[in-house]
Amino acid sequence: MLILYMPLLCSFYAYCEARDTLRQGEWISDNGETLVSAGGRFEFGFFTPTGSSGNKRYIGIWYHEWDNRTVVWVANRDSPIINANGVFNLTEDSELKVLDTTGKVYWSTDIRSSCPCNRTVTLTNSGNLVYGDYGVLNNILWESFNTTTDDDTLTDTLLPGMDQNTFLYLTSWKGSDDPGKGRFTLHKYRSSNTIYKENNIYCNRFTDQMDAKLGNLSRDFTARVVMGFSGKLEYWRWDVKGMNWSLLMTEPANNCTVYNYCGNYGVCNPDNNLVCKCLPGFKPNAPEKWHSGDFSNGCFGNSMSCGKNDMFFPVYAMSWDYTDSNLKTVPVKDESACKTECLKRCDCRSYSYDNDTNTWYILTQDPVDLREYAEGYDSFFVHRISVRVETSDIESVVQSCEPCGINMIPYPWSTGPSCGDPIYFSFNCNTTSGQVSFMAPSGTYRVASIDPDTRTFLIQVNDKGNLRLNHSLPFDLTSPRNFSSEISTEVADEVEIVWEPPLEPICNSSANCNDWSHSTCKSARDGKRRCLCTFSYRWDGTTLKCRKDEVEIVWEPPLEPICNSSANCNDWSHSTCKSARDGKRRCLCTFSYRWDGAMLKCRKEKWVTLLLIIGITSVSILCAISSVYIWHRNRTKRQENRNIDQRNRAQRMLNSERHVQDLIDLSEFNEEDEKGIDVPFFDLESILIATNNFSNENKLGEGGYGPVYKGKLPNGQEIAVKRLSSVSNQGLQEFKNEVVLIARLQHRNLVKLYGYCIKGTEKILLYEYMPNKSLDFFIFVTKTVEMEMKTCKIKSKAYFWIGRCVSTSFGESLEDFFIFTRTLD
């Protein structure tokens, strides 16, 4: 039964199996719907690039049966759909559009046709998305393979089946996870290929192998070519066995294939670790950048003049300017005539011969994009040129060997028996390739670079352990040279070798010594005739010249300057014109200064400064010791005085206590008895003033002793004045008791006795005024207050417990307090 209903089920869906075509009015939603080519090789739909951050959605084409992560074409490259569902629609008005759910258009074909034709869009098995009329052959309105215009639909991938006979553009991605248009673009037309970096030529010469690969791409459906975001054109092939992509070739293959990588007058050699070097007579324009791997600033010559003896160095120009402003045709038949013609013109920078047209050219612009050799490149596009160099910019001597290619052979190197120093005959020049080789017992090694200033050169070795040198020759190894990772290439290891400074040059006659001033041809100690330096000159092997002997003479420091008056001594501070020991008048230094002939000035004596420092230090120490002694003496004296005062006070108190006790025992207390009491005496008049004549307003209370008044002394001190009542039977006895007790019990926690007064029948005591009430208030309290004073437990025996509290607070003995209580009782 299910089989019977299968056609009905298929009618509800666009397809029962993967479809490759959309018809007018149909669409693909971003919910997993895709188109798959009929052969199953490619797939079309929405995707997010691998590693992309954020929810960015693109619609494009990728491999279906091989690797669904390899995208070959993207529609909305610079307009991703973010955080929304997209739709690819073949609209009723014959447009291909990418929209989101709000109707915003992110990409469209912009054909704008009003034809009511039945149109379709189909994904072919070659990876081409084709839009045209249904059933009409070759009526293609738009296709993804069309990369002849520089618009937003440009892809970065060249697939088999794309037409390479028309102009074709490939634009790189911005990054591995960003399909947006990047900085590099391949411009291809048939066999002509040029990579541009932001509209500037980046690489315009491919190797013959890459050109062949591109030409045969249409025959290999397992291959693809990608314009990488790093500027490399990459040739990939699918490995069926390994089920992955293999990178077979890239362009630029090395840094030297990058356009003008070494700048003007810079020559590139990919076989060297330091790939760029300046032509002889030229130096880097920006040395710091040059040694860090940035050679774009090129090189410059020291001299801009031109002469008939200028030299020419052969190099290969990978490209040049074909305009008439640069190329000048020279009607000559051979190279010698072209060279002569170039020397006649100061605007001639180089010359070249075109084998195809049998024509000689003079180039008037600075040479660019130079290579030391050009093997593996189409000779139709590569030109061998001879670059002009000022002779004055090149340090050379008669006995120096001829240059080898662009390499100057410094003296004393020897590449043959007729040049250089014979002991340095360890080098060979290949005149065809222009390469210099170093011959050692362990083999022959290519010389990568030469530095005459440091007398070092680099050789390339495959195995450093096998390198052996002849130690009888003036060559030795130095530490291996380190290079920046930015400029190193995958070449053989380089080893630095230093050569020793040579002896005087060998000669046959004095004419051979013309390059070495102040020398003449004579027999040397080794039996050979050499250019020996003349008298007062000696040979310097590091600079290769005779240098004048230098004798160092030293003069003694002078005495003080001679003078006629003090005005002559103005240039010498701290000096005055006086007669010296030698009988002459000189600018003698003043006290504490002495003459320094080396410095030509009066300098302060060190011993004066030292003496001053010692004196100041000694005085400071003495003052400190005296201060400590005086402080200690005063402290001791104060302590002694304090002890004496305490003893006197105790004695006075004892005497006062005994005197008062005697008065108590006699039951008499006359006015003359006020003497001997160690308490201040107040006259009655001052007390009357302080208490306002014992007014009732000042009265604080009254007890068995008598009334108590509040008073105020002239200095503002408030006092409590206890007046013995004249009618009290106990007044005199209480007065006597209180004087004795206060005399004995002076304490910081007791009310203070300020003084007393005895005048006739008036017996008065002056106490400290207590604004917060007295002890009786807390003894005779209510029950509530009694509960708050549980710490002293005031019960029926109030005096005993109060005594205990007072004893603890006052630090007095309990026996003394019992005496106090008995006295009160």
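- At least one side-chain heavy atom of Cys404 sits under 4.5 Å from a side-chain heavy atom of Ile409.
- In this structure, the ring of Trp236 has its center no less than 6.0 angstrom from the ring center of Trp245.
- Within a 6.0 Å sphere centred on CG of Asn199, heavy atoms belonging to other residues, nucleotides or ligands number 12 at most.
- In this structure, Cys513 and Cys507 have their SG atoms no less than 2.5 Å from one another.
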Stepwise side chain to side chain contact (heavy atoms under 4.5 Å, CB included) check, Lys328 with Asp347 | CA-CA 11 Å; Lys328 307 293 183 182; Asp347 64 341; 5.6 Å; no
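- The shortest heavy-atom contact between Phe312 and Tyr351 is CD2-CE2, 3.5 Å.
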Should Val368 and Tyr265 be marked as a side chain to side chain contact (heavy atoms under 4.5 Å, CB included) after you check the CA-CA gap, both sets of side-chain angles, and the distance that decides it?
-> CA-CA 6 Å; Val368 297; Tyr265 289 104; over 6 Å; no
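- At distances below 3.5 Å, at least one donor-acceptor pair connects side-chain atoms of Asp369 with backbone N or O atoms of Asn260.
- Arg384 forms a cation-pi arrangement with Tyr316, by the criterion of a distance under 6.0 Å to the ring centre and an angle within 45° of the ring axis.
- Between Asp476 atom CG and Glu496 atom CD the span is 11.5 Å, to the nearest 0.5 Å.
- Between Phe167 and His187, the distance separating the two ring centers is not shorter than 6.0 angstrom.
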Under the side chain to side chain donor-acceptor pair (under 3.5 Å) criterion, do Arg446 and Asn430 qualify, and how do the steps go?
-> CA-CA 10 Å; Arg446 177 179 173 272; Asn430 187 328; over 6 Å; no
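- Ring-centre distance between Tyr411 and Trp516: below the 6.0 Å cut-off.
- Cysteine sulfur proximity is satisfied for Cys268 and Cys256, their SG distance being under 2.5 angstrom.
- Taking the disulfide bond (SG atoms under 2.5 Å apart) definition, one finds that Cys338 meets it with nothing, sequence neighbours left out.
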Disulfide (SG to SG under 2.5 Å) between Cys342 and Cys348, worked out | CA-CA 5 Å; Cys342 182; Cys348 177; 1.9 Å; yes
Take Asp211 and Asn193 through the test side chain to side chain donor-acceptor pair (under 3.5 Å) and record every step on the way to the result.
-> CA-CA 8 Å; Asp211 287 336; Asn193 305 291; 3.1 Å; yes
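- Remark: side-chain polar atoms of Asp421 are not paired, donor with acceptor, to backbone N or O of Tyr424 under 3.5 angstrom.
- Here the side chains of Lys188 and Gln164 are in contact, with some heavy-atom distance below 4.5 Å.
- Around atom CD of Glu288, no more than 12 heavy atoms belonging to other residues, nucleotides or ligands sit under 6.0 Å away.
- Of the possible donor and acceptor atoms, one in the side chain of Arg77 sits under 3.5 Å from a partner among the backbone N and O of Pro179.
- Between Phe438 and Phe457, the distance separating the two ring centers is shorter than 6.0 angstrom.
- Between Phe313 and Ile406, the shortest heavy-atom distance links the atoms CD2-CA, 3.8 Å.
- Ring centers of Tyr353 and Trp360: under 6.0 Å apart, within the cut-off.
- Across all non-hydrogen atoms, the minimal contact from Ile195 to Gly231 is CD1-O, 4.0 Å.
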Residue pair Arg538, Cys533: steps toward the side chain to side chain contact (heavy atoms under 4.5 Å, CB included) verdict = CA-CA 6 Å; Arg538 62 180 179 83; Cys533 299; 5.5 Å; no
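- The main-chain N or O of Pro252 is found under 3.5 Å from a side-chain atom of Lys232 such that the two form a donor-acceptor pair.
- Side-chain contact check for Leu363 versus Ser350: some heavy-atom pair is nearer than 4.5 Å.
- Take Tyr202 and apply the ring-ring contact (aromatic ring centres under 6.0 Å, His included) test, not counting sequence neighbours, and it matches Phe184.
- The closest side-chain heavy-atom distance from Leu233 to Val225 is below 4.5 Å.
- You'll find the side chain of Leu158 reaches within 4.5 Å of the side chain of Leu168, heavy atoms only.
- Disulfide status for Cys278 with Cys299: present, SG atoms under 2.5 Å apart.
- Side-chain atoms of Lys528 never come within 3.5 Å of backbone atoms of Arg530 as a donor-acceptor pair (strictly under, hydrogens ignored).
- Between the side chain of Arg237 and the main chain of Arg224, no donor-acceptor pair closer than 3.5 Å is present.
- Across Thr250 and Glu234, no two heavy atoms sit closer than the pair CG2-CG, 4.2 Å.
- With 2.5 angstrom as the limit on SG-SG distance, Cys401 and Cys429 do not come in below it.
- Counted within 6.0 Å of CG on Asn309, heavy atoms from surrounding residues, nucleotides or ligands total 12 or fewer; the atom is thus considered open.
- Glu372 places no side-chain N or O within donor-acceptor distance of the main-chain N or O of Val315, the cut-off being under 3.5 Å.
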Is there a salt bridge (charged side-chain N to carboxylate O under 4.0 Å, His left out) between Lys545 and Asp540 once you walk through the steps?
-> CA-CA 6 Å; Lys545 64 176 63 175; Asp540 186 349; over 6 Å; no
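- Side-chain rings of Trp499 and Phe475 stay apart, their centers remaining 6.0 Å or farther from each other.
- Rounding to the nearest 0.5 angstrom, the gap separating the CZ atom in Arg183 from the CE atom in Met227 is 10.5 Å.
- Side-chain atoms of Glu402 never come within 3.5 Å of backbone atoms of Met408 as a donor-acceptor pair (strictly under, hydrogens ignored).
- Separation of atoms CD1 (Ile459) and CD1 (Ile450) is listed at 12.0 Å; rounding is to 0.5 Å.
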Show your reasoning for whether side chain to side chain contact (heavy atoms under 4.5 Å, CB included) applies to Thr157 and Leu170.
-> CA-CA 7 Å; Thr157 304; Leu170 300 179; 5.8 Å; no
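- Looking at heavy atoms from C-beta onward, Tyr445 lies out of side-chain contact with Ser437 at the 4.5 angstrom threshold.
- Of all non-hydrogen atoms in Gly434 and Asn407, the two that sit nearest each other are O-ND2, 3.2 Å.
- Ring centroids of Phe425 and Trp413 are separated by 6.0 Å or more, keeping the two rings apart.
- In this structure a side-chain-to-backbone donor-acceptor pair under 3.5 Å is missing from Ser192 to Tyr189.
- Ring to ring, Phe229 and Trp173 are not that close: their centroids are 6.0 angstrom or more apart.
- Between Ile385 and Leu370, the closest side-chain pair of non-hydrogen atoms falls below 4.5 Å.
- The CH2 atom of Trp539 sits 9.5 Å away from the OG1 atom of Thr542 when rounded to the nearest 0.5 Å.
- Contact between Leu473 and Ile423 at its shortest, heavy atoms only, is CD2-O, 3.8 Å.
- Taking OG1 of Thr171 as the start and OH of Tyr196 as the end, the distance is 13.0 Å to the nearest 0.5 Å.
- Rounded to the nearest 0.5 Å, atoms CZ (Arg388) and OG (Ser386) are 12.5 Å apart.
- For the pair Asn512 (side chain) and Asn508 (backbone), a donor-acceptor distance under 3.5 Å is present.
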